[in-house]
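Counting begins at 1 with the first residue of the sequence.
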Amino acid sequence: MRNDGLPPGGAAQPPVGMPRALVMLLGAAAGVVVAGGVRAVAWLVGPILMALVIVIAVHPVRSWLRGKGFPSWLTTVVLVILVYGIMLVLTMGIVVSVARLAGLLPQYQDRANELAASASNLLSSFGVGPEQLKTVAGSLDIGKLTGLLVSLLGAVAGLVSNLAFLLALLLFLSVESGGVGERLGVIATDRPALAVALSRFAHGTRRYLVVTTVFGLIVAVLDAIALVIIGVPLAFTWGLLSFITNYIPNIGFLIGLAPPALLGLFIGGPRELVLIIVIYGVLNFVLQSLIQPRFVGDAVGLSATVTFVALVFWAWLLGPLGAILAIPVTVLGKALLVDIDPKARWADALLRAPASPRRGLRSGRRATIKQGR
C-alpha cells in the first residue's frame with residue numbers, strides 16, 4: 001500500500017485555480033474601478049505626473065553639474081530654476097496664444113459677414129434652402145467664437161488653483177531627485193526587475209522628450225517662417241503654439257493649425273486658408289505623423305497605434321493634461337505592469353513598435369558577436 005501522499009494515479013495533480021476567463025473579468029472590473037477613481041481625482045493625479053515627467057527630463061542636468069564639481073545646493077537651485085522655467089514657457093505659451101487670438105477675432109467681424117454672405121450665395125446656387133443658409137450664417141458669428149475662446153481662457157486661468165500645488169511639488173521633487181540612484185539601489189536588492197523597469201522608464205521618457213522637442217522646434221520654426229511669408233498676424237505666436245502642441249501625439253498639429261488657418265481665411269479668403277492647410281499638412285503631418293512616430297517608437301518602445309489609443313484614453317481620464325502626458329504615463333504603466341513580469345512578454349510584443357529590418361539586422365549582429373566572444 002502506497003503512503004506517499006500521491007493519488008492512486010501516481011502523479012501529483014495541479015492545484016485547482018480560478019478559470020482564466022473569470023480572472024480576466026475580475027481584472028477588467030478592477031481596471032474600470034481604478035480608472036474611475038483616477039478620473040475623480042484627475043486634478044491631483046495630473047499635476048503629480050506632470051511634475052514627475054519634468055523632473056525626470058531635467059535630472060541629467062544635475063548629474064552633469066555634479067560631475068563638473070558644482071556644490072549640491074547650487075545644482076538644486078539651477079534645477080529648480082530650469083523646472084520652473086519650463087512650466088512658465090508651457091503655461092504662458094498656451095495662455096498668450098488663446099488671449100491674442102481672442103483679441104484679434106473681433107477685428108474681422110465685417111470680413112466674417114462677407115464670407116458668410118459669399119457662402120450663402122454659393123450654397124443657394126446648389127439649391128440649399130433659406131433655413132439652412134441662416135444656420136450657416138449663424139455658425140460664422142465671430143462673437144460666438146470669441147466667447148468660446150474667452151471661456152477657454154477662463155478654464156486655463158482656472159488652473160491657477162492647482163498651480164501652487166504643482167509648483168510646490170516640483171520644488172520637493174527637484175530637491176529630492178539627488179537621492180534617486182541610492183533609492184533605486186535599495187529597490188534593486190529586493191526587486192531587481194522593478195529597479196530595471198523604472199530605470200528604463202526614466203531613460204525612455206527622456207529620449208521621448210528629446211525627440212519631441214527637436215521635431216517641435218523644427219516644425220515651429222518652419223511654420224513661423226511660412227506664416228510670415230503669407231502675412232498671417234502673430235506668426236511667431238502660432239509657431240510657439242505649434243511647438244507646444246507637438247507634445248500632443250497624432251493630433252497636436254491640428255490644434256496648432258486652427259488659429260492661423262482661421263486668420264488666413266479672414267485675411268485672404270479661401271486661397272490663404274487652403275495654402276496654410278497645405279503647408280501645415282506637408283510640414284507637420286509628414287514630420288510629426290510619419291517621421292517622428294518612428295523615432296518615438298524607438299525611444300519608448302510603443303507602436304503608433306498604441307500611442308494614438310493612449311492619447312485618447314489619457315485625455316479622457318486626465319483631461320487636456322492627459323493628452324500631453326499620454327506617452328510618458330503609458331511608458332510608466334508598461335514598466336510597472338508589463339516589464340517587471342516575465343509572463344507578460346506577450347503584452348510587450350503587442351505594445352512594442354515592430355522592429356525595422358535594419359534594426360533587426362543590427363540586433364542579430366550584436367547577438368552573433370556576443371556568442372563569438
Side-chain angles (χ1 to χ4, degrees), residues 24 27-28 30-59 86 90 173 193-216 244-255 288-355:
M24 294 177 64
V32 171
V33 173
V34 171
V38 171
R39 192 179 186 189
V41 292
W43 59 270
L44 177 64
V45 177
I48 290 176
L49 293 174
M50 173 63 82
L52 177 64
V53 169
I54 292 177
V55 172
I56 287 175
V58 301
H59 181 70
I86 293 174
L90 292 176
L173 285 176
L194 178 59
V196 172
L198 291 176
S199 298
R200 289 178 178 174
F201 156 69
H203 179 67
T205 299
R206 280 193 287 267
R207 287 189 60 192
Y208 162 73
L209 293 176
V210 168
V211 171
T212 305
T213 301
V214 170
F215 276 92
I244 295 174
T245 55
N246 184 60
Y247 290 96
I248 302 177
N250 301 114
I251 64 170
F253 85 97
L254 294 176
I255 302 174
Q288 295 178 337
S289 299
L290 297 181
I291 300 177
Q292 180 178 333
R294 297 180 179 274
F295 290 91
V296 170
D298 292 340
V300 300
L302 298 175
S303 66
T305 302
V306 172
T307 58
F308 178 74
V309 174
L311 165 69
V312 176
F313 175 75
W314 290 111
W316 168 78
L317 198 65
L318 299 177
L321 198 58
I324 299 176
L325 298 174
I327 302 303
V329 176
T330 302
V331 175
L332 176 60
K334 179 176 176 292
L336 297 178
L337 300 177
V338 177
D339 294 345
I340 64 174
D341 188 1
K343 297 181 180 179
R345 291 180 179 177
W346 62 271
D348 181 73
L350 294 176
L351 297 174
R352 183 171 294 278

* **Pairs meeting criterion salt bridge (charged side-chain N to carboxylate O under 4.0 Å, His left out) with involvement of residues 301-321, two or more places apart** =>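 Matches after skipping sequence neighbours: none remain.
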
* Pairs where residues 327-336 contributes a residue and the test salt bridge (charged side-chain N to carboxylate O under 4.0 Å, His left out) is met, not counting sequence neighbours ->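 Matches after skipping sequence neighbours: K334-D339, K334-D348.
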
Taking all non-hydrogen atoms of both residues, which atom of [X] and which atom of [Y] are closest, and how far apart?
X    : Y    : answer
T213 : L209 : OG1-O, 2.6 Å
M50  : I324 : CE-CG2, 4.4 Å
Y247 : Y208 : O-OH, 3.5 Å

Tell me, please, which residues at least two apart from [X] pass side chain to side chain contact (heavy atoms under 4.5 Å, CB included).
X    : answer
L317 : A35, V38, R39, F313, W314
L194 : I187, R191, L198, L336, I340
A323 : I248, L311, A315
V331 : F201, V300, L302, I327

* Asked: Is there a donor-acceptor pair closer than 3.5 Å between any side-chain N or O of N246 and the backbone N or O of F215?
  ->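 No: the side chain of N246 does not pair with the backbone of F215.
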
* Is there a side-chain contact between V309 and T330 (heavy atoms, below 4.5 Å)? ->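 SC-SC contact between V309 and T330 ruled out.
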
* Quick one: does L49's side chain get under 4.5 Å of L318's, heavy atoms only? ->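 Yes, their side chains come closer than 4.5 Å.
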
* To do: Starting at OG1 of T205, measure out to CG of L325 and round the result to the nearest 0.5 Å.
  =>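 Going from the OG1 atom of T205 to the CG atom of L325 covers 10.0 Å.
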
* What residues form a side chain to side chain donor-acceptor pair (under 3.5 Å) with S199, not counting sequence neighbours? ->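 For S199 there are no side chain to side chain donor-acceptor pair (under 3.5 Å) partners, ignoring immediate neighbours.
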
